[in-house]
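One structure is given below, encoded as structure tokens.
The figures here come from the full heavy-atom set of this structure, side chains too, leaving out hydrogens, waters and symmetry mates.
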Amino acid sequence: EHYRQVIAALRARGMEPFVTLWHWTLPLWVRDKGGVLAKDFPRWFERYVRRMAEEFKNGVKFWITTNEPEIYALNSYYRGLWPPQKRGLTSFFRVTYALNLAHQRAYRTLKNASVGAQVGVAVNQSYFESAGGIVNNMLKWGADHVWNGRFLWHVKGELDFIGCNYYFHNRINYGFNKNANKVVSDMNCEVYPEGLYHVLLGLNKFHKPVYITENGIADTKDSMRAEFIREHVRWMKKAMEEGVDVRGYFYWSLLDNFEWDKGFWPRFGLVEIDYKTMARKVRESAWEYAKIIKTAH
């Protein structure tokens, strides 16, 4: 009922809702039966998606089945940073395969349930930049193939659009993350707007419409956010001018949010939240973003 009200409120304000069905949280009973690696996980996910389609199909056209499956697999099943704290390359690939199957089942379910439904997946795309030379070029090729392309190649036949989440530049010079870091966010992530242009060009080979479903910065002082948005939109436009079918841009995020293992301290929001009183305050960068939207063409 809560999300029914959210969807209705968006539509009442002339906004098109995009619904993400899975952003890494699991019911405890699914966890207890093995989580994403449980044999029946794709079937359980399909059942859940069918229910969501029944409830919301009249208000929702755009569906994102899963958010950043590769980030979940990396941090939960390879690095062991997030629950269930598994470590290993085998578990990483097993989880991405399970999420491939879950997406494919969800895609067919949504297409059967709603005429005109548009179904995609949101993937994390990093700009891997080679410093040059055979070794670095090979590392770049491998990183692009495994990180930026592998999930999409497996599901490209059951995909109406691609959601592109862009945050990271990764310069390769006989190792990864050899970045200059001239400008960094509060979370010490390099700000590199040009990278969005490159990852969009890389997605063009899939011949699907692209929505930038996440692009944002942790910036408590709100000193960098407006320029951050302007520059990323500028590079997005350049990619569009060169033939990439970009249909939309979502800044992450509207409100300050809970940033997983980092908690509440990173401030990504266009709207500031006082967590003691829950009072909202529109940041200056939000009004600058509004100007960009109003002048877009």
Q. So do Glu259 and Met187 actually touch side chain to side chain, heavy atoms under 4.5 Å?
A. yes
ring-ring contact (aromatic ring centres under 6.0 Å, His included) pairs touching residues 174-194, sequence neighbours excluded, are His169-Tyr192
Sorted by chain and residue number, the side chain to side chain donor-acceptor pair (under 3.5 Å) partners of Lys86 (sequence neighbours excluded) come out as none
Discussion item. Checking Glu214 against Tyr167: is there a side-chain donor and acceptor pair closer than 3.5 Å?
Written reply: yes
(message) Quick check: do Trp24 and Glu68 have side-chain heavy atoms less than 4.5 Å from each other?
(response) yes
Those residues at least two apart in sequence (or on a different chain) that pass salt bridge (charged side-chain N to carboxylate O under 4.0 Å, His left out) with Glu158 are Arg108
Problem - Glu227/Arg230 ion pair, N-O < 4.0 Å - result: yes
Review point. Would you say Trp252 and Asn257 make side-chain contact, with heavy atoms under 4.5 Å?
Key: yes
By ring pair (Phe, Tyr, Trp, His ring centres under 6.0 Å), Phe151 pairs with (sequence neighbours left out) none
Asp160 versus Tyr107, side-chain donor and acceptor atoms under 3.5 Å:
yes
**Message:** Under 6.0 Å between ring centres: does that hold for His23 and Trp260?
**Reply:** yes
Taking the six-membered ring for Trp, are His145 and Trp141 parallel (under 30°), tilted (30 to 60°) or perpendicular (over 60°)?
parallel
Worksheet entry | ILVMFWY cluster, Leu201 and Met240 together (side-chain gap under 4.5 Å) | yes
Side chain to side chain donor-acceptor pair (under 3.5 Å) filter on Arg31, not counting sequence neighbours, yields none
Using a 4.5 Å side-chain heavy-atom cut-off and chaining through intermediate ILVMFWY residues, the residues clustered with Ile134 come out as Met138
So side-chain hydrogen bond (donor to acceptor under 3.5 Å, both in side chains) across residues 263-280, not counting sequence neighbours, yields Asp256-Arg267
Glu46/Arg43 ion pair, N-O < 4.0 Å | no
Among side-chain atoms of Thr65 and His103, is any donor-acceptor pair under 3.5 angstrom?
yes
(Q) Can you classify the ring geometry of His198 versus Tyr127 as parallel (below 30°), tilted (30 to 60°) or perpendicular (above 60°)? (A) parallel
Exam field: side chain Lys111 to backbone Ala117, donor-acceptor pair closer than 3.5 Å: yes
Given the options Arg247, His232, Gln125, Met236, Ile212 meets side-chain contact (heavy atoms from CB on, under 4.5 Å) only with Met236
Kindly indicate whether the side chain of Phe56, heavy atoms from C-beta on, has any atom under 4.5 Å from the side chain of Arg4. yes
Besides Leu28, the hydrophobic cluster formed by Ile, Leu, Val, Met, Phe, Trp and Tyr side chains linked at under 4.5 Å, directly or via other members, contains none
- [ ] Take Arg87 and Tyr77, measure what side chain to side chain donor-acceptor pair (under 3.5 Å) needs, and give me the verdict at the end.
- [x] CA-CA 5 Å; Arg87 291 176 179 268; Tyr77 285 88; over 6 Å; no
Check: Would you say the side-chain atoms of Ser114 pair up with the backbone N or O of Leu110, donor to acceptor, closer than 3.5 Å?
Finding: no
Gln118 meets the side chain to side chain donor-acceptor pair (under 3.5 Å) criterion, sequence neighbours left out, with none
**Asked** Distance-only, no hydrogens or angles: does the Asp144 side chain make a donor-acceptor pair with backbone N or O of Asn148 under 3.5 Å?
**Response** no
query: Is it true that the side chains of Glu70 and Asn124 contain a donor and an acceptor less than 3.5 Å apart?
result: no
The side-chain contact (heavy atoms from CB on, under 4.5 Å) partners of Tyr78 (sequence neighbours excluded) come to Leu74, Leu89, Phe92
Exercise for review: Would you please classify the geometry between the Phe18 ring and the Phe62 ring as parallel, tilted or perpendicular, with 30° and 60° separating the classes?
Suggested key: parallel
Q.
Would you say that Ile229 contacts Leu270 through its side chain, given a criterion of any heavy-atom pair below 4.5 Å between the two side chains?
A. yes
Under-4.0 Å salt bridge between Lys238 and Glu241 | no
In terms of side-chain heavy atoms, does Arg234 have a donor or acceptor partner in Tyr197 at a distance below 3.5 Å? no
Donor-acceptor pair between Ser126 and Asn170 side chains, under 3.5 angstrom = no
The reported gap from OG in Ser253 to CG in Asn215 (rounded to nearest 0.5 angstrom) is 12.0 Å
- Considering only heavy atoms from C-beta outward, does the side chain of Ile162 approach that of Val123 to under 4.5 Å? yes
So side-chain hydrogen bond (donor to acceptor under 3.5 Å, both in side chains) across residues 12-21, not counting sequence neighbours, yields Arg11-Glu16
Going by chain and number, the hydrophobic cluster around Leu101 (ILVMFWY, side chain to side chain under 4.5 Å) further includes Tyr97
> Under a 4.5 Å side-chain heavy-atom rule over Ile, Leu, Val, Met, Phe, Trp and Tyr, are Leu81 and Tyr72 clustered together?
Replying inline: yes
Is there side-chain contact between Phe161 and Val210, with heavy atoms separated by less than 4.5 Å? no
Notebook entry, point to check: Is the closest side-chain heavy-atom distance between Met278 and Ile273 below 4.5 Å?
Noted result: yes
